[in-house]
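Read the numbers this way: they start at 1 and go in the same order the structure lists the ligands and their atoms.
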Amino acid sequence: MRAVVASATDIGHVREGNEDSYLVMAPLFAVADGMGGHRGGEVASSLAVDTLERLFARGEGELVEQIREANRVVFERSTLDRAVAGMGTTLTAALLEDDRAHLAHVGDSRAYLFRDGELRLLTEDHTLVHRMVMEGELTEAEAETHPHRSILTRVIGVDADVEVDEIELDLRPGDRLLLCSDGLTGMLNDEDIARALAEQPDPQRAVDLLIRQANDAGGVDNITALLIDLHEGPPDPPAQPRSVPSGVAPIRAPGDLAERGRVTGTVGREGRAEPTSRSAEQEPSRPPRRPLANAQRFPWTRLARRAALTIAVLAVAFVGVRVYLDLQWYVGVSDGRVAVFRGIPAEVGGFELHHVVVETTIRAEDAQALALYRDLPDGITADDRAAADAIVERIRVDVAEAAGAFQDPAP
Ligand code: MN
């Protein structure tokens, strides 16, 4: 069977950012709805989707395993980077294989099947209100307007492991498979969605209509819809798992994925606070004794002695800071390129506390397009030159893989 896919995401009328992410990488499709303070939600959903994409491209594991690995990656990042602590995301994915769809699902984004004019919900919402409905404590109608209807009982990225629902489905020509975030289903009920899908045979127009209607109904949340129309005919060639370019790092084990989160996570914690405390520690170790001894031979005033002492302390502190800075490494951006720096990514009183050691040919914007390296201009700290070079190689591989992914034919 042949799949024709249309997708759209919209910020809505109320939110200040779009925390939804989606993936169209035939035959794999996914929708993720992130949550968490500051940029946490955005990071969680894009990190989950990027990880799924990367593992699928490499042909590593089954869909459910890929999603559980995405969970680990988001969880690691959340525990190591205070800026995004506690973030999480939903993830609803569909993998088409011959005339079957394998669905994997966590959270309250949804998958629907529209067949013969009827809309059927395929996924179960992992929400508190759904559980209460199942236990007879709430009616469906009460659940729809419940103030806590968005509280999730299962999320990607909040625990080290997550249970993933699996749904298997036989497909027929004429079927429409809809993946969407709760920004759509919170605004439109199933009848509204069915009507729009019946009304609009063109998939892109159908998706645009759904988003417009959700916005007209209030648009209180980010809205994402991904529609897969199935037709008679030969399937599109599947996206083949790509091999890692030779001469660079081998395929990474799951632990390596976690390691990258750790590297990113240390930025800011070590980047700025330490130099002052380290240089302060070094002051007492070399007390400027000579000026004091000389003071007995020359008739210096108290003021002059104090000035000499201050200069000596500053000199020692300056040397201490220089020694400290020379031991620090990080990867950042120089002239729009990924570069290895010595020092720390900061400046004091107009003096930059770093200098470029190597400027690579990797364009910074290509690296920053990937969720993991979005904060590259802030610097990714490294223990030594070798670690900095290793980070650069990882960035190089990831950027190359991402470039490969965009070249794949995506309908
Ligand atoms: Mn949402």
Side-chain angles (χ1 to χ4, degrees), residues 7-24 29-52 67 70-71 74-75 78 84-94 103-112 121-133 140 143-158 162 164-165 178-190 192-193 196 207-227 371:
S7 56
T9 188
D10 192 89
I11 192 170
H13 290 320
V14 176
R15 298 292 176 91
E16 285 178 3
N18 192 341
E19 302 191 326
D20 287 358
S21 295
Y22 66 93
L23 173 67
V24 174
F29 310 93
V31 165
D33 175 358
M35 57 214 62
H38 301 286
R39 291 178 30 249
E42 210 181 305
V43 172
S45 67
S46 57
L47 194 53
V49 161
D50 288 353
T51 304
L52 178 61
I67 288 183
N71 174 74
V74 177
F75 177 66
S78 144
V84 294
M87 67 177 172
T89 182
T90 73
L91 187 54
T92 301
L103 280 84
H105 162 75
V106 174
D108 68 347
S109 297
R110 288 179 175 180
Y112 285 97
L121 178 61
L122 300 171
T123 49
E124 185 182 327
D125 292 348
H126 298 138
T127 56
L128 199 58
V129 292
H130 178 75
R131 186 188 281 176
M132 289 165 82
V133 169
E140 290 276 4
E144 266 174 34
T145 55
H146 197 281
H148 300 311
R149 61 186 175 280
S150 57
I151 294 180
L152 298 179
T153 53
R154 247 198 264 169
V155 197
I156 295 283
V158 297
V162 70
V164 180
D165 284 356
L178 174 70
L179 306 183
C180 59
S181 65
D182 72 333
L184 184 75
T185 51
M187 294 291 107
L188 304 181
N189 60 32
D190 289 4
D192 298 328
I193 295 172
V207 157
D208 294 343
L209 177 63
L210 285 169
I211 290 195
R212 193 163 61 243
Q213 289 181 346
N215 267 324
D216 290 347
V220 301
D221 195 2
N222 307 140
I223 311 152
T224 300
L226 201 163
L227 186 63

Gln213 and its side-chain contact (heavy atoms from CB on, under 4.5 Å) partner, picked from Leu184, Asp208, Leu188:
Leu188
Using a distance threshold of 2.8 Å, state whether an N, O or S atom of Glu19 lies below it from the Mn ion (ligand 1).
no
Could you check Ser45, Ser109, Ser181 and say which one makes a side chain to side chain donor-acceptor pair (under 3.5 Å) with Thr90?
Ser109
Between the Mn ion (ligand 1) and Asp33, which N, O or S atom of the residue is the nearest one?
OD2
Is the Mn ion (ligand 1) less than 2.8 Å from an N/O/S atom of Asp221, whether that atom is in the backbone or a side chain?
yes
Say whether Asp10 and Asn222, considering side chains only, have a donor N or O and an acceptor N or O under 3.5 Å apart.
no
Flag the pair Asp182 and Arg110 as a salt bridge only when some basic side-chain nitrogen lies within less than 4.0 angstrom of an acidic carboxylate oxygen.
no
Residue Asp182, metal the Mn ion (ligand 1), N/O/S under 2.8 Å:
yes
